[in-house]
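Notes follow the structure.
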Amino acid sequence: MREIFAELPWWVKWVAVPVIALVVFGSLIATVVGFVIGLLFKALIFVALVGGLIYIVRKFLSNSSSRSDW
């Protein structure tokens with residue numbers, strides 16, 4: 001395989017082969033990238049919601065404990 005690629009011009013190795021790979025596997029690559037980005041977005045939303053919930057609960061507990069001091 002190396003001998004075959006070694007005999008080819010540079011533009012075939014660095015332009016034509018990647019373009020053919022993108023045409024053939026483009027939808028698969030797009031699906032995988034979309035899935036990963038969607039997963040990261042959902043993880044970010046999850047972290048933000050859990051952080052907000054913890055903040056609200058701590059704020060509520062600190063307010064209720066300060067009222068009982070009176």
Side-chain angles (χ1 to χ4, degrees):
M1 190 68 137
R2 256 177 216 242
E3 296 91 19
I4 294 172
F5 273 104
E7 297 172 3
L8 294 175
W10 69 268
W11 60 270
V12 173
K13 290 187 271 190
W14 299 106
V15 177
V17 173
V19 167
I20 292 170
L22 283 175
V23 168
V24 172
F25 297 110
S27 62
L28 176 66
I29 294 169
T31 302
V32 170
V33 169
F35 176 76
V36 169
I37 290 174
L39 193 62
L40 289 174
F41 180 73
K42 288 179 183 178
L44 183 66
I45 294 294
F46 176 75
V47 168
L49 289 174
V50 169
L53 178 66
I54 291 171
Y55 174 78
I56 290 171
V57 168
R58 284 189 178 180
K59 188 88 166 166
F60 178 76
L61 288 178
S62 70
N63 284 343
S64 66
S65 66
S66 65
R67 286 185 201 157
S68 65
D69 292 342
W70 290 90

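Counting from 1, the numbers follow the sequence of the chain as shown. Worth saying up front: this structure is predicted, and the values here are computed from it rather than measured.
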> Should I29 and I37 be regarded as members of a common hydrophobic cluster, given that ILVMFWY residues are connected when their side-chain heavy atoms come within less than 4.5 Å of each other, either directly or indirectly?
Replying inline: yes
> Taking a hydrophobic cluster as the set of Ile, Leu, Val, Met, Phe, Trp and Tyr residues connected by side-chain heavy atoms closer than 4.5 Å, whether directly or through intermediates, do I20 and L28 fall within one such cluster?
Replying inline: yes
> Is there a path of hydrophobic side-chain contacts, each under 4.5 Å between heavy atoms of I, L, V, M, F, W or Y residues, that connects V24 with M1?
Replying inline: no
>> side-chain contact (heavy atoms from CB on, under 4.5 Å) for T31 and F35? Distances and angles first, verdict last.
In response: CA-CA 6 Å; T31 302; F35 176 76; 5.5 Å; no
>> If hydrophobic clusters are built from ILVMFWY residues whose side chains come within less than 4.5 Å, do W14 and W11 share one?
In response: yes
> Which one of I56, V57, N63, L61 satisfies the side chain to side chain contact (heavy atoms under 4.5 Å, CB included) criterion with K59?
Replying inline: N63
> Can you tell me how far the NZ atom of K13 sits from the CD atom of E7, to the nearest 0.5 Å?
Replying inline: 10.0 Å
> Is there a side-chain contact (heavy atoms from CB on, under 4.5 Å) between V12 and F5 once you walk through the steps?
Replying inline: CA-CA 9 Å; V12 173; F5 273 104; 5.8 Å; no
> Are L49 and V47 joined in one hydrophobic group, where the rule is that I, L, V, M, F, W and Y side chains link up if heavy atoms are under 4.5 Å apart?
Replying inline: no
